[in-house]
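Bear in mind that the values here come from a model prediction, so they are computed numbers and not experimental data.
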Amino acid sequence: MKSIVKDIRNFPDPDIAGSYYAMRRAGQAAIDLAIQTNTAIVTMVDGKIVQIPASELIKKRQPSV
């Protein structure tokens, strides 16, 4: 049985609601560090664990022309 995931940004507790933005900042910091050190990050995409190399992270960061 699947559980319903609620958006934590809407929780009445401000600490829990604010943790969403803290996790976003931590994720961005991980991406920044991976680019600086030319290493991959490991994340989950569509329910699968994947490695994203620094070169791909750089491409995603560049604005589309």
For Ser55, which residues count as a side-chain contact (heavy atoms from CB on, under 4.5 Å) partner, sequence neighbours excluded?
Pro53
Listed pairs under 3.5 Å, donor-acceptor, residues 24-39 side chains, sequence neighbours left out:
residue, atom, partner, partner atom, Å
Arg24, NH1, Tyr20, OH, 3.3
Gln28, NE2, Asp32, OD1, 3.2
Asp32, OD1, Arg61, NH1, 3.2
Asp32, OD1, Arg61, NH2, 2.5
Thr37, OG1, Leu33, O, 2.8
Thr37, OG1, Thr39, OG1, 3.0

Distance-only donor-acceptor hits, side chain of residues 10-19, under 3.5 Å, sequence neighbours excluded:
residue, atom, partner, partner atom, Å
Asp13, OD1, Asp15, N, 2.8
Ser19, OG, Ile16, O, 2.6

Among pairs that include at least one residue of residues 42-52, which meet salt bridge (charged side-chain N to carboxylate O under 4.0 Å, His left out), considering only residues two or more places apart or in two chains?
none
Do the side chains of Leu57 and Val50 join up, straight or via other hydrophobic residues, at under 4.5 Å, putting them in one cluster?
yes
Holding to side-chain contact (heavy atoms from CB on, under 4.5 Å), I want the full list of residues that pass it with Lys60, two or more places apart in sequence or in another chain.
Ile52, Glu56
By the rule that ILVMFWY residues connect when side-chain heavy atoms come within less than 4.5 angstrom, directly or transitively, which residues belong alongside Met44?
Val42, Ile49
